[in-house]
There are 2 protein chains.
Amino acid sequence: MNPSLPIACTEHDHNLCVHQALQAADALCSRQGVRLTALRRRVLELIWQSHKPLGAYDILAVLSQEDGRRAAPPTVYRALDFLLGNHLIHRLASLNAFIGCTHPAHAHQSHFLICRVCHTAIEVDSPAISATIHAAAEAVDFRIEGEMVEVVGLCAQCQAATK
Amino acid sequence: MNPSLPIACTEHDHNLCVHQALQAADALCSRQGVRLTALRRRVLELIWQSHKPLGAYDILAVLSQEDGRRAAPPTVYRALDFLLGNHLIHRLASLNAFIGCTHPAHAHQSHFLICRVCHTAIEVDSPAISATIHAAAEAVDFRIEGEMVEVVGLCAQCQAATK
DNA sequence: AAGGATGAGTTATATAATAACGTCCCTCAC
DNA sequence: GTGAGGGACGTTATTATATAACTCATCCTT
């Protein structure tokens with residue numbers, strides 16, 4: 001296992017990975033004084049389990065199957081809104097999909113490399129990207145509130161596979 | 001008029017602005033050997049006239065009104081696909097909207113500053129942003145095919161207005 | 001126990017995009 | 001000229017994504 005690669009690109013114990021994310025969410029929510037209810041926790045778990053961006057209606061389908069004829073869109077969207085608001089997940093606008101945030105503890109921007117083939121989304125934490133974006137914004141006196149960077153291309157595995 | 005500000009932020013002769021965009025599109029299409037049909041040209045004109053991101057169904061509404069009971073979604077989406085494919089417009093994923101490309105002659109990335117209040121979208125041409133994105137991608141061996149940067153915030157005018 | 005706030009169920013609808021098929025019309029080889 | 005092929009557009013239907021509006025339940029506080 002190459003430690004220089006992001007987690008999304010490596011073999012790992014995925015159950016552990018999900019477990020840790022949920023524990024971190026528990027801790028973060030209790031610290032913030034907000035409620036990570038069973039439904040919200042379950043939605044977050046589903047998102048983490050996939051490790052690839054998951055659509056709202058994918059989540060809806062799982063919940064409906066589990067509970068036998070339940071779950072309408074607002075149920076899922078409300079949970080997603082909560083998770084987004086507490087920085088536990090990111091929304092990928094180019095895919096209309098959601099993915100777990102890999103470092104929810106500190107507020108940060110949404111920068112992703114998205115593989116066109118396998119749909120893996122690699123969250124990158126690059127202060128340099130933010131710095132250049134801020135410089136460009138400053139040049140036209142634009143006050144940044146949120147950065148969205150979604151880069152589409154081929155991940156290392158899929159490059160190798162198509163050779 | 002401050003020449004350092006992008007066109008979207010300044011007073012200007014908007015009719016001239018639209019006219020020039022359409023002429024550039026004519027030239028570009030004839031050079032490429034593709035057909036800028038009346039419909040495609042009209043859609044491009046509507047997008048340029050707004051100078052702010054315009055939704056597909058906004059375009060559809062105008063076309064339907066003009067032609068008296070015509071225009072279904074595919075009509076508009078096909079025109080948009082053509083314009084996107086020939087780099088005459090950009091799609092803003094975070095708004096589900098489209099905006100004229102300010103420099104269609106050379107292929108380039110899609111980098112925008114989008115005002116949360118007035119919805120003006122400023123296209124920025126910053127090689128520095130691309131450079132940092134490429135550096136981040138290289139670090140994980142990701143091959144970039146397209147960059148999408150959409151930064152939400154407050155433009156200069158709206159900052160001043162809310163003071 | 002009353003009352004308020006938050007979370008979630010339910011129904012309906014809005015908004016965005018595409019599938020599938022048909023028709024018209026242009027052009028070009030013959 | 002003519003008809004074969006292809007591109008552009010019309011048309012109908014459907015899928016996909018997201019929200020509005022209202023109700024009920026639960027839980028916490030007092």
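The shown structure was predicted, so the numbers you read here are calculated from the model rather than taken from an experiment. Any value given below was found using the heavy atoms of this structure, including those in side chains, with hydrogens, waters and symmetry copies removed.
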Legend entry - Under 3.5 Å donor-acceptor pair, B/Arg78 side-chain atoms to D/dG7 base atoms: no
Legend entry - Euclidean distance, atom CG of residue B/Leu39 to atom C1' of D/dC9 [Å, nearest integer]: 8 Å
Inset, instruction - Return the nearest nucleotide to the side chain of B/Ala56; candidates are C/dA17, D/dA18, D/dG10. - result: C/dA17
Inset, instruction - Specify the separation, in whole Å, of atom CZ of A/Phe82 and atom P of D/dA18. - result: 20 Å
Inset, instruction - Would you kindly give the CG-to-P distance between A/Leu84 and D/dT19, to the nearest whole Å? - result: 10 Å
Inset, instruction - Could you tell me the separation between the OH atom of B/Tyr57 and the P atom of C/dA17, rounded to a whole number of Å? - result: 8 Å
Legend entry - Side-chain N,O (A/Asn96) to OP1/OP2 (D/dA18) below 4.0 Å: yes
Inset, instruction - Ignoring backbone atoms, test whether A/Arg40 places a side-chain nitrogen or oxygen under 4.0 Å from the OP1 or OP2 oxygen of C/dG7. - result: yes
Inset, instruction - Please figure out whether B/Gly55 or A/Ala38 has its closest DNA chain C nucleotide nearer the 5' end. - result: A/Ala38
Legend entry - B/Thr75 side-chain N/O to D/dC9 phosphate OP1/OP2 under 4.0 Å: no
Inset, instruction - Nearest whole angstrom, please: distance from the P of C/dT15 to the CG of B/Asp58. - result: 10 Å
Inset, instruction - State the NZ-CD1 distance between B/Lys52 and B/Ile99, to the nearest 0.5 angstrom. - result: 10.0 Å
Legend entry - B/Leu60 CG to C/dA16 P, straight-line distance once rounded to whole Å: 11 Å
Inset, instruction - In whole angstrom, give the distance that lies between atom CG of A/Leu54 and atom C1' of D/dA16. - result: 15 Å
Legend entry - Verify stack between B/Tyr77 ring and C/dT18 base, 5.5 Å, 30 degrees: no
Legend entry - Distance-only polar pair, side chains of A/Glu123 and A/His90, donor-acceptor under 3.5 Å: yes
Inset, instruction - For B/Leu80 and B/Ile59, work out which heavy atoms get closest and say how close. - result: CD2-CD1, 4.0 Å
Legend entry - Atom pair distance, as rounded to whole Å: CG in A/Asp67 and C1' in C/dT10: 15 Å
Inset, instruction - Between B/Arg35 and B/Ala72, just flag the one whose closest nucleotide in DNA chain C comes earlier from the 5' side. - result: B/Ala72
Legend entry - For the student: nearest non-hydrogen atoms of B/Leu54 and B/Leu46, plus distance: CD2-O, 3.6 Å
Inset, instruction - Taking atom CD of B/Gln65 as the centre, report whether more than 12 heavy atoms of other residues, nucleotides or ligands fall under 6.0 Å from it. - result: no
